[in-house]
**Q** 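Please find one structure pasted underneath; my questions will follow.
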Amino acid sequence: AGAMAAAAGGDSDGDSEELVLTPAQLIHSLEQAWLNEKFAPELLESKPEIIECVVEQLDHMEANLKRAKRGDLKVSVHHMEIERIRYVLSSYLRCRLVKIEKFFPHILEKEKSRAEGEPSILSPEEFAFAKEYMANTEAYLKNVALKHMPPNLQKVSLLKSVPKPNLDSFVFLRVLERQENILVEPETDEQREYAINLEEGSQHLIRYRTVAPLVASGAVQLI
């Protein structure tokens, strides 16, 4: 199979650099995004280019299977691989939807306040879903509970009512690119900051807030 193109960032203005990925690299990128999303406490940046290319790759693989000879062992192997990729893709998208449902007011507020040119954490479809979910939640609260309350209690702030993602939770990670002088807040009475080096290939249990930028840049992989 030939190589496929995926944008390096989520910039929709066409300024993002494009990377040419082989099918194997593309699936690896999907798996990395899936694991990061699965273990990160917050919703991460949307990867619509990766998703689009994976769907195209699956279509290409299925077309090849239709042309293959029946009874060929390779057909069974390729069919299993297609099912594995579909599982990873479905799990990745489902994980993102669960986070959107859980943190929707904060996610929409973050999307609303992001700077121009800053990558979106939501795909267009996810953004529409989040807005509809919020509107339905507000309508449900109003019709079921708020309209029965005194006038001064008929308003509720979903931003205050819905818990935020816990960025101080701890995550396991593997270092893909060596990092120097990473500031960490130790669990001590003094709460002093100190710097550590993250060696390539090493694994750590660390506060997510400390390494969130490294997860976004791809320097570390959540596991």
**Q** So, Ser113 side chain and Glu109 main chain: donor-acceptor pair closer than 3.5 Å or not?
**A** yes
**Q** Output all residues satisfying side-chain hydrogen bond (donor to acceptor under 3.5 Å, both in side chains) with Ser90, sequence neighbours left out; order by chain, then residue number.
**A** none
**Q** So, taking the atom named CD in Glu101 and the one named CE in Met134, what distance separates them when rounded to the nearest 0.5 Å?
**A**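 Nearest 0.5 Å value for the CD-CE distance: 14.5 Å.
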**Q** For Arg174, give me all partners under salt bridge (charged side-chain N to carboxylate O under 4.0 Å, His left out), at least two apart in sequence or on another chain.
**A**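 Scan of Arg174 (salt bridge (charged side-chain N to carboxylate O under 4.0 Å, His left out), adjacent residues dropped) gives none.
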**Q** Taking the side chain as every heavy atom from C-beta outward, state whether Ile100 and Phe129 have any atom pair closer than 4.5 Å.
**A** yes
**Q** With a 4.5 Å cut-off on side-chain heavy atoms, are Asn64 and His78 touching?
**A**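 No, their side chains stay 4.5 Å or more apart.
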**Q** Take Val54 and Val88, measure what side-chain contact (heavy atoms from CB on, under 4.5 Å) needs, and give me the verdict at the end.
**A** CA-CA 11 Å; Val54 168; Val88 173; over 6 Å; no
**Q** What's the shortest heavy-atom distance between Lys110 and Ile121, and which atoms?
**A**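 Distance-wise, the nearest heavy atoms are CD-CD1, 4.0 Å.
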**Q** Apply side-chain contact (heavy atoms from CB on, under 4.5 Å) to residues Tyr208 and Asn166 and explain how you reach the verdict.
**A** CA-CA 9 Å; Tyr208 174 77; Asn166 182 12; over 6 Å; no
**Q** Please round to the nearest 0.5 Å and tell me the distance separating atom SG of Cys95 and atom CH2 of Trp34.
**A** 10.0 Å
**Q** Would you give the length of the straight line joining atom CG of Leu30 to atom SG of Cys53, rounded to the nearest 0.5 angstrom?
**A** 11.0 Å
**Q** Within the side chain of Lys99, is there an N or O that forms a donor-acceptor pair under 3.5 Å with the backbone of Glu37?
**A** yes
**Q** Under a single-linkage definition using a 4.5 Å side-chain heavy-atom cutoff for Ile, Leu, Val, Met, Phe, Trp and Tyr, are Leu97 and Val162 assigned to the same hydrophobic cluster?
**A**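 Same cluster: Leu97 reaches Val162 through Ile, Leu, Val, Met, Phe, Trp or Tyr contacts under 4.5 Å.
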**Q** If you take all heavy atoms of Leu222 and Ala40, which pair is closest and at what distance?
**A**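 For Leu222 versus Ala40, the nearest heavy atoms are CD1-N, 3.6 Å.
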**Q** Considering only heavy atoms from C-beta outward, does the side chain of Leu122 approach that of Leu43 to under 4.5 Å?
**A** yes
**Q** Give the minimum heavy-atom separation between Ser29 and Ile50, together with the two atoms involved.
**A** CB-CD1, 4.0 Å
**Q** Is there side-chain contact between Ile27 and Ile85, with heavy atoms separated by less than 4.5 Å?
**A** yes
**Q** Do Ile196 and Tyr194 come within less than 4.5 Å of each other through their side chains, counting heavy atoms only?
**A**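 The answer is yes, as the side chains (C-beta and beyond) meet within the 4.5 Å cut-off.
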**Q** Measure across Ile223 and Phe39 and return the closest heavy-atom pair with its distance rounded to 0.1 Å.
**A** C-CE1, 3.5 Å
**Q** Glu62: which residues meet the side-chain hydrogen bond (donor to acceptor under 3.5 Å, both in side chains) condition with it, sequence neighbours left out?
**A**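 Glu62: side-chain hydrogen bond (donor to acceptor under 3.5 Å, both in side chains) contacts with Arg86.
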**Q** A side-chain contact here means heavy atoms from C-beta on lying under 4.5 Å apart; do Leu214 and Ile182 qualify?
**A** yes
**Q** Can you name the side-chain contact (heavy atoms from CB on, under 4.5 Å) partners of His204, sequence neighbours left out?
**A** Leu173, Val175, Leu198, Ser202
**Q** Can you name the residues that form a side-chain contact (heavy atoms from CB on, under 4.5 Å) with Ser76, not counting sequence neighbours?
**A**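 Ser76 satisfies side-chain contact (heavy atoms from CB on, under 4.5 Å) with no residue once adjacent residues are dropped.
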**Q** Using distance alone, with no hydrogens and no angle criterion, decide if Ser120 and Glu45 have a side-chain donor and acceptor under 3.5 Å apart.
**A**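 No, no side-chain donor-acceptor contact under 3.5 Å.
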**Q** Please name all residues satisfying side-chain contact (heavy atoms from CB on, under 4.5 Å) with Glu200, sequence neighbours left out, ordered by chain then number.
**A**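 Partners of Glu200 by the side-chain contact (heavy atoms from CB on, under 4.5 Å) criterion come out as none, since no residue qualifies.
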**Q** Between CD of Glu138 and CG of Asn143, what distance do you get to the nearest 0.5 Å?
**A** 11.5 Å
**Q** Check whether any side-chain heavy atom of Asn36 lies under 4.5 Å from a side-chain heavy atom of Val220, and answer yes or no.
**A** no
**Q** Please report the interatomic distance CD(Gln57) to CG(Leu21), rounded to the nearest 0.5 Å.
**A** 11.0 Å
**Q** Excluding sequence neighbours, so at least two apart, what forms side-chain contact (heavy atoms from CB on, under 4.5 Å) with Pro165?
**A**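 So Pro165 forms a side-chain contact (heavy atoms from CB on, under 4.5 Å) with Glu42, Phe103, Leu167.
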**Q** Mind checking the OG-CD spacing from Ser46 to Glu111? Nearest 0.5 Å is all I need.
**A**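 If I round to the nearest 0.5 Å, the distance is 9.5 Å.
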**Q** Taking side chain as C-beta onward, heavy atoms only, is Arg207 less than 4.5 Å from Val184?
**A**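 With C-beta onward as the side chain, the pair stays apart.
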**Q** Among pairs that include at least one residue of residues 76-85, which meet salt bridge (charged side-chain N to carboxylate O under 4.0 Å, His left out), considering only residues two or more places apart or in two chains?
**A**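 The answer is Glu31-Arg84, Glu81-Arg84.
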**Q** So which heavy atom on Leu159 is nearest to which on His106, and how close?
**A** O-CE1, 3.0 Å
**Q** Test: side chain to side chain donor-acceptor pair (under 3.5 Å). Region: residues 127-137. Which pairs qualify, not counting sequence neighbours?
**A** none
**Q** Closer than 3.5 angstrom, by distance alone: can the side chain of Gln203 be matched with the main-chain N or O of Gly201 as a donor-acceptor pair?
**A** no
**Q** Tell me whether Leu176 shares a hydrophobic cluster with Val211, the cluster being built from Ile, Leu, Val, Met, Phe, Trp, Tyr side chains joined at under 4.5 Å.
**A** no
**Q** Could you list the residues that satisfy salt bridge (charged side-chain N to carboxylate O under 4.0 Å, His left out) with Glu199, not counting sequence neighbours?
**A** Arg178
**Q** Listed by chain and number, what are the side-chain hydrogen bond (donor to acceptor under 3.5 Å, both in side chains) partners of Gln25, not counting sequence neighbours?
**A**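 Partners of Gln25 under the side-chain hydrogen bond (donor to acceptor under 3.5 Å, both in side chains) test: Thr22.
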**Q** Identify the heavy atoms of Leu35 and Gln221 that sit nearest to each other, and give their distance.
**A** CB-NE2, 3.3 Å
**Q** For Asn197, enumerate each residue passing the side-chain hydrogen bond (donor to acceptor under 3.5 Å, both in side chains) test, keeping only those at least two apart in sequence or located in another chain.
**A**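 side-chain hydrogen bond (donor to acceptor under 3.5 Å, both in side chains) list for Asn197, sorted by chain: empty.
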**Q** Carefully, step by step, assess Phe172 and Ile206 under the rule side-chain contact (heavy atoms from CB on, under 4.5 Å).
**A** CA-CA 7 Å; Phe172 283 101; Ile206 199 167; over 6 Å; no
